[in-house]
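What you see below is based on every heavy atom in this structure, not just the backbone, and it leaves out hydrogens, waters and symmetry mates. Just so it is clear, the structure is predicted and the values come from calculations on it, not from any experiment.
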Amino acid sequence: MKLDPSFIWTAFVKLLSAVPTTLFITFVSVLGGLILGTAIALCRIYRVPVLGPISTGYVAFIRGTPMITHLFLVYFGLPAVVDGLSASLGWSFRSVSIPYIAFALVAFTITASAYMSEVVRSGLLAVNRGQLEAAHSIGMTTPQALRRIVFPQAFAAALPNLSNSFIGMLHGSTLAFTVSVVEINAKAQIVASTNWKFFEAYLAAAVIFWGLTVLIERLAGALEKRINVYNRGGVA
Amino acid sequence: MPGAKFDLAYVFDYFPKLLSTLNVTLTIVGLSIVLGLGVGFLVALPRLYKVPVLKRVSEVYVSFFRGTPILIQLFLIYYGLPEILKLANVDVTRTPVLVFVVLTYSLHAGAFMSEMIRAGVAAVDRGQVEAAYSVGMTGPQAFVRIVLPQALAISLPVFANLVIATLKDTSLAFSLGVMEMTGKAQTLITVGQHFVEAYLVLAIIYFVISFALERLFRLLERRLLRHEKTENADRKRFGRRGSPSLRGLLAESASLPKGGSGL
Amino acid sequence: MIKLSRITKHFGRQQVLRGIDLTARQGEVVAILGPSGSGKTTLLRCINYLERPSDGEVEIGGFKVDCKHPSKKEIQTLRRKSAMVFQHYNLFKHKTALENVMEGLVVVRKLPKDEARERSAKVLEKVGLGAKLDAYPSQLSGGQQQRVGIARALALEPEVILFDEPTSALDPELVGEVLEVIRRIAKEGITMIVVTHEMGFAREVANHVIFMDEGRIVEEGDPKEIFARPKEERTRQFLKRITPEASYSI
């Protein structure tokens with residue numbers, strides 16, 4: 001077995017076909033996580049009875065356990081739940097017809113929701129309480145103040161964390177290979193083992209992930225610069 | 001795919017079985033953190049002291065190891081390192097897998113550690129070094145006695161996150177066939193088909209360790225930051241004051257995973 | 001004795017110091033005055049090499065350093081022969097008042113810990129902080145912190161103590177206690193170079209006053225002389241702006 005530099009390129013091209021799957025998983029889980037996470041964050045901020053403490057426990061548990069355990073628990077636990085439900089409600093739907101990727105999406109959304117709730121929470125925390133008071137002082141209602149004053153500032157503050165979590169989910173999507181979803185990592189495995197060129201295939205996969213990560217960082221950086229214009233301080 | 005019916009008895013049965021491999025998991029974590037700290041320092045120094053060429057190398061190193069998934073890195077080093085070493089006529093075919101795993105986690109953690117060290121050092125006020133110089137300390141003395149202890153205290157929360165992230169990342173070592181906890185869980189289920197029980201136990205063990213580590217680090221942090229006691233007390237008083245406001249309600253916790261993808 | 005000769009300093013293309021000569025004899029208190037941006041703080045920081053002078057010569061206690069090619073060792077020696085009190089105190093945040101004072105004695109002077117502790121406690125006592133030995137900087141007021149800063153410098157028994165606007169970061173009501181301490185140690189015959197905006201203090205305590213503007217020494221001499229009858233127009237204007245009463249005493 002000899003190092004074959006030209007195969008890195010071959011593998012790279014082959015892997016590109018799996019990029020959409022990786023991005024799809026990432027986007028869906030981040031978006032789902034953001035929605036769920038915001039709800040969780042609000043439950044905790046407003047100390048909603050019952051839901052507040054449950055949210056706290058949920059976030060601690062998800063953040064304290066590896067992402068792969070979430071995936072496996074969903075993959076192996078969800079079918080039983082679905083089948084049980086179907087049977088008791090008389091549906092004809094069976095868990096066998098759930099596509100593999102759905103398990104990954106559900107599991108990763110759960111993972112993302114815990115991290116996103118922390119992103120949202122700390123973003124809101126970063127907004128000075130004086131801002132809310134100032135909004136009230138000019139007669140805004142609380143929802144108005146939140147929407148027009150607090151959220152935009154919170155988003156600006158949360159952006160670096162958001163981009164970090166996004167990258168985390170992008171990298172985490174490689175776990176989907178364990179439930180037979182062919183994303184970049186799984187594709188690399190296939191390309192590697194059919195050609196018996198492991199190093200080259202994974203190198204190509206690494207390059208793709210590296211590129212995507214740098215791209216996300218750049219985009220977040222540019223966005224941050226744009227919305228943080230007001231934050232620059234100084235006199236200029 | 002649907003396994004056997006959920007049976008609580010298996011949960012109790014699996015606990016000791018999985019715990020028997022805890023030492024492997026903790027060994028990987030421990031070694032990786034210690035080595036990663038070393039790597040982190042080596043990588044951070046050229047950037048802290050702005051050494052021409054080496055600074056650029058450090059940047060690329062950090063970017064790569066932060067920019068690619070740990071799983072890919074595991075495969076890359078496991079398959080790639082032997083081939084590269086073969087070019088130098090070093091045969092590592094008999095080297096245990098665990099070595100590759102620890103190496104990967106160390107290099108991975110090292111990239112995050114170097115960022116942590118950089119941020120920590122940058123957070124120490126320039127006046128501290130000047131004061132150290134003014135009493136006659138040398139550069140290394142000022143760094144070791146004045147900057148480092150303060151930087152470490154500042155970095156502790158990030159370090160805690162990194163340790164916990166590494167712990168969780170070790171769950172991927174099974175993909176190279178290492179018998180740590182997650183690998184063990186997989187062998188258990190092939191025997192009994194009790195998937196959910198096995199992974200539930202697995203998750204609980206990880207959670208308990210993460211939780212304990214977090215508590216431990218928080219205690220340590222409180223100790224290391226005791227010189228800022230009064231400031232913290234003041235801040236808390238401010239947070240609790242008055243009617244429930246957004247900031248007040250949020251003030252107590254909310255520490256984010258500032259380093260490590262940690263998923 | 002401290003002697004600076006022909007000190008110049010550039011920041012990029014900008015020349016901040018344009019050839020400064022300054023001498024402070026043993027036990028003398030030299031006050032450096034001047035508008036902000038005149039280069040007085042830079043000059044002070046050149047003495048212990050927190051800023052690297054572009055050219056000139058620094059001499060402390062018979063040890064002379066050519067600023068063009070100083071070795072690390074020479075810089076080290078200059079710093080060991082001097083001590084500095086900073087505008088923003090710069091106390092070591094992770095150390096108590098006592099440890100702050102001990103640090104230089106133990107690490108630089110290599111004193112045994114017990115001896116260093118004893119000496120440090122004594123000096124802290126002298127600046128009126130005998131009851132605050134174990135307090136961290138964050139638990140002290142600005143005035144107390146600055147007194148620890150003075151104690152830290154004093155304990156090293158340097159040839160000269162450099163004061164960089166020691167009271168300008170303090171709340172007005174805390175200025176008095178710090179000036180009082182400096183006044184007291186000035187009487188003990190410790191050589192001091194003080195950059196300050198406190199005109200009253202300079203007039204009362206300094207033996208020699210230097211007025212700087214745009215990187216040059218505009219005027220220098222006996223404080224009573226300079227405050228009463230400034231020869232240069234720029235000095236006159238500065239004094240008028242800073243201390244309105246000065247115009248009456250003419």
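- Counting only residues at least two apart or on different chains, the side-chain hydrogen bond (donor to acceptor under 3.5 Å, both in side chains) pairs with a member in residues 38-54 of chain B are B:Arg47-B:Glu115.
- Counting heavy-atom pairs closer than 4.5 Å to chain B, the top-ranked of the candidates C:Met84, C:Lys72, C:Gln76, C:Arg80 is C:Gln76.
- A distance-only check finds no donor-acceptor pair linking the side chain of B:Arg118 to the backbone of B:Leu45 [under 3.5 Å].
- Taking a cutoff of 4.0 Å between a charged side-chain nitrogen and a carboxylate oxygen, C:Glu57 and C:Lys68 do not qualify as a salt bridge.
- Neither the backbone nor the side chain of B:Ala153 comes within less than 4.5 Å of any heavy atom of chain C.
- Side-chain polar atoms of C:Ser168 and C:Gln87 form a donor-acceptor pair below 3.5 angstrom.
- Ring geometry for C:His94 versus C:Phe92: interplanar angle over 60°, hence perpendicular rather than tilted (30 to 60°).
- Listed for the C:Gln139 side chain is a donor-acceptor partner under 3.5 Å among the backbone atoms of C:Tyr136.
- In summary, the side chains of C:Asp164 and C:Thr41 do present a donor paired with an acceptor at a separation below 3.5 Å, with no hydrogens or angles considered.
- Between chain C and the residues B:Gln141, B:Gln128, B:Arg126, B:Met137, the most heavy-atom pairs under 4.5 angstrom are made by B:Gln128.
- Heavy atoms of C:Leu91 lying under 4.5 Å from chain B belong exclusively to its backbone.
- When C:Lys95, C:His88, C:Arg45 are compared by the number of non-hydrogen pairs under 4.5 Å with chain B, C:Arg45 comes out ahead.
- Heavy-atom proximity under 4.5 angstrom to chain C picks out B:Arg145, B:Ile146, B:Pro149, B:Gln150 from residues 143-150 of chain B.
- Side-chain N/O atoms of C:Thr191 and C:Glu28 include no donor and acceptor closer than 3.5 Å.
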